[in-house]
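The figures here come from the full heavy-atom set of this structure, side chains too, leaving out hydrogens, waters and symmetry mates. Each chain gets a letter, A, B and so on, in the order the sequences are listed, and its residues count up from 1.
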Amino acid sequence: MSNSNTLYITNSLTKTKELFTPITPGYVGLYVCGPTVSGESHLGHARPYITYDVVNRYLQHLGYKVRYVRNITDAGHFEEEGREAEDKMAKKSALEKLEPMELATKYSRRFHWGMKLFNCLEPTIEPTATGHIVEQIEMIKDIMAKGFAYEKNGSVYFNVKKYAENYAYGELSGRGLDNLLENTRNLDGQSEKEDAVDFALWKAAPPEHIQRWASPWGEGFPGWHIECSAMACKYLGAEFDIHAGGMDLLFPHHESEIAQSTVVNGKAPVRYWMHNNMITIDGKKMGKSYNNVITLTDLFAGTHPILQQAYHPMVVRFYILQTHYRSTLDFGNEALQASEKGLRKLIGANELLKKLTFTENISTKNAELDAKVQKLVSEFAEFMNDDFSTAKVLANMFELATIINSLKDGIIKADELSSTTFSLLQTQFPIYFENILGLQSMEDNADNSKLDGVLQLLIAIRAEAKIKKDFATSDKVRNELLAVGIQLKDEKDGKVSYSFD
RNA sequence: GGUCCUGUAGCCGAGUGGCUAGGCAAAGCUCUGCAAAAGCUUCUACACCAGUUCGAAUCUGGUCGGGACCUCCA
């Protein structure tokens with residue numbers, strides 16, 4: 001499409017909106033930091049993966065062939081200074097009496113289950129950390145050979161000071177080395193690291209450690225930044241287009257990735273860094289340390305104490321897209337409930353629109369309305385091109401929903417619009433709503449033809465009752481259906497439609 | 001403590017110097033046997049104090065509040 005050269009992305013590296021130009025015309029390499037599968041997927045996971053799902057979808061819409069790599073972190077991470085070294089995979093495994101791989105498999109499946117419900121397209125490559133131990137070791141060897149890492153007691157550390165002498169360090173996080181040295185100096189006790197700012201590339205495994213691999217430095221496991229560098233490099237090359245993830249990964253994770261890859265490849269790995277903001281609950285970031293994590297299972301079932309009701313995955317998706325991805329998103333029942341109603345309205349409008357037909361009649365053209373619709377529709381692309389402003393696209397859709405409803409009720413006659421505008425609306429609205437924003441019906445996809453037959457019967461019975469002014473019966477049909485979640489809607493033209501909760 | 005972000009009507013939120021964002025809630029009206037749905041109308045806010053400017057929610061400085069990162073985290 002012609003819009004492919006006008007996409008602007010806020011690059012975290014430069015903190016500015018930049019025109020997106022792929023390294024190879026027509027192709028985009030997209031790397032998204034995936035989940036650590038040592039535990040249940042939660043609401044926090046919804047944000048980045050829905051955000052970058054829309055990015056992926058939009059890039060494809062623009063005609064790009066996207067290689068979308070999203071890793072699964074299934075190797076143990078140890079924690080840095082100031083805390084006891086600890087492997088999340090191993091610890092959780094012991095707790096659940098599972099092999100680390102059983103644990104990883106279990107939660108990977110749970111993650112995929114959630115992503116499917118959110119209607120997220122699958123990444124084209126989904127590499128695991130444990131499946132790329134060899135690549136990680138090779139990369140570490142390379143970094144050592146180039147003199148930017150050293151071994152201590154079977155562990156290997158990256159020499160940040162030396163790196164900073166040769167390359168620009170801290171560009172992404174805006175953290176200078178001096179600043180870091182100052183802030184970490186007193187935290188560091190008797191570390192085997194030469195410098196507090198250094199980070200581990202490989203960690204020697206203590207005897208009780210379950211996940212362990214042979215390496216040139218003895219048995220151990222990889223550090224927590226090297227996997228992304230190794231896998232991104234393997235599948236997307238030494239330099240690729242977009243690397244995305246949560247803002248909490250900015251430092252030290254992504255900063256370290258840049259350092260590792262730069263040493264190995266002699267150039268910065270990523271053209272555009274994208275970072276989504278966090279989801280907060282009562283103004284506080286959701287996180288394990290805050291004890292306010294809402295798992296996807298709880299979210300969809302409404303079983304978390306903070307939840308007043310269950311929320312459909314589509315409602316969550318919609319809610320997330322109503323806010324720009326770089327802003328924090330505060331979670332609350334009231335907001336979610338508002339989203340549910342709003343989404344319902346848009347889904348209804350989208351379905352209605354598909355059924356509308358344009359017939360040239362006698363209506364005089366409404367130039368003002370025509371221009372308005374033209375503008376609202378053409379802004380879809382404009383807004384998406386402006387750093388994926390999904391919130392604005394949705395705002396326009398709400399305005400169009402009113403027009404669509406009016407068309408349906410005959411308040412506006414279809415041919416008040418020009419036929420080109422009408423068909424523009426009819427084609428573009430669903431493309432953006434379904435294909436790009438990835439929003440879809442909340443109804444079960446079960447075959448509803450039998451249910452429809454039953455409902456048509458009830459609608460007919462109610463209609464007969466109404467003719468006889470037997471309102472007790474007609475209201476009973478309506479109210480009992482409503483009680484089981486089916487709402488009858490009397491339309492302007494006397495027809496009756498229905499919708500499900 | 002260091003680095004950075006942020007403070008918008010009852011709630012959620014867009015906003016990148018001048019022109020009604022949008023949604024939900026609330027109120028009134030139209031339609032309806034009554035409702036619901038739908039449509040129309042109303043509610044016009046930018047933490048505070050200075051400054052720049054013809055003009056600021058938007059830029060600058062300060063004050064107060066909230067948050068993130070510096071530890072695993074999306």
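In this model, the phosphate group of B:U6 is not approached by any side-chain N or O of A:T328 to a distance below 4.0 Å at OP1 or OP2. Within the structure, a side-chain polar atom (N or O) of A:S327 is placed less than 4.0 Å from OP1 or OP2 of B:A14. Contact annotation: A:K489 side-chain N/O to B:U32 OP1/OP2 distance is not under 4.0 Å. Taking side-chain N and O atoms only, A:N405 has a distance below 4.0 Å to OP1 or OP2 of B:G39. In this structure, A:T402 reaches the B:G39 phosphate: one of its side-chain N or O atoms is under 4.0 Å from OP1 or OP2. Taking 4.0 angstrom as the limit, A:K285 places none of its side-chain polar atoms (N or O) nearer than this to OP1 or OP2 of B:C73.
To the nearest angstrom, P of B:A37 lies 17 Å from CZ of A:F500. In this entry the distance linking CE of A:M286 with P of B:A68 reads 13 Å, nearest Å. Look at CD on A:Q337: it is 16 Å from P on B:C11, rounded to the nearest Å. Per the geometry, CD belonging to A:Q308 stands 18 Å off P belonging to B:C24, to the nearest Å. For A:E171 and B:U3, the CD to P distance is 19 Å, given to the nearest whole Å. One interatomic measurement links the two molecules: CE of A:M247 to P of B:U6, which rounds to 9 Å at whole-angstrom precision. Atoms NZ (A:K408) and C1' (B:A37) sit 8 Å apart, rounded to a whole Å. Here B:C11 presents its P atom at 14 Å from OH of A:Y319, a figure rounded to the nearest Å.
In summary, A:R344 and A:E340 engage in a salt bridge, as defined by a charged side-chain N under 4.0 Å from a carboxylate O. The pair A:R462-A:D490 meets the salt-bridge criterion, with a side-chain N (NZ, NE, NH1 or NH2) lying under 4.0 Å from an Asp/Glu carboxylate O.
Summary of the strand contacts: A:E491 and A:F331 both lie near RNA chain B, and taking for each the nucleotide with the nearest heavy atom, the more 5' one is attributed to A:F331.
Listed candidates were B:G22, B:G10, B:A14. Nearest to the side chain of A:E334 is B:G10. Checking B:G39, B:G22, B:C73 against the side-chain heavy atoms of A:F398 singles out B:G22 as nearest. Here B:C24 is the nucleotide among B:C73, B:A36, B:C24 with the atom lying nearest to any side-chain atom of A:K341. You'll find that the side chain of A:S474 is closest to B:G33, out of B:G39, B:A14, B:G33. Checked against B:G22, B:G33, B:G2, the side chain of A:R175 finds its nearest nucleotide in B:G2. Closest to the A:Q322 side chain, of the nucleotides B:G23, B:G10, B:A14, is B:G23. When distances run from any side-chain atom of A:R478 to the nucleotides B:A37, B:C34, B:A74, the shortest one goes to B:C34.
The closest side-chain donor-acceptor pair between A:N333 and A:Y311 falls under 3.5 angstrom. There is a side-chain donor-acceptor pair under 3.5 Å between A:N276 and A:Y52.
Nucleotide B:C69 is matched to B:G2 when pairs are restricted to Watson-Crick or G-U wobble geometry with both distances under 3.5 angstrom. Pairing partner, B:A38: B:U30, with both Watson-Crick or wobble hydrogen-bond distances short of 3.5 Å. Partner assigned to B:A9 is none, using Watson-Crick or G-U wobble distances below 3.5 angstrom.
The aromatic ring of A:Y49 does not sit over the base of B:A74; the criterion of centres under 5.5 Å apart with planes under 30° is not met.
A donor N or O paired with an acceptor N or O is found under 3.5 Å between the base of B:A35 and the side-chain atoms of A:D490. For A:D475 against B:G33, a side-chain-to-base donor-acceptor contact under 3.5 Å is present.
Aromatic ring pairs are classed by plane angle as parallel below 30°, tilted from 30° to 60° and perpendicular above 60°; the pair A:H253 and A:H225 is tilted. Ring geometry, A:Y31 versus A:H243: the interplanar angle falls from 30° to 60°, so the pair is classed tilted.
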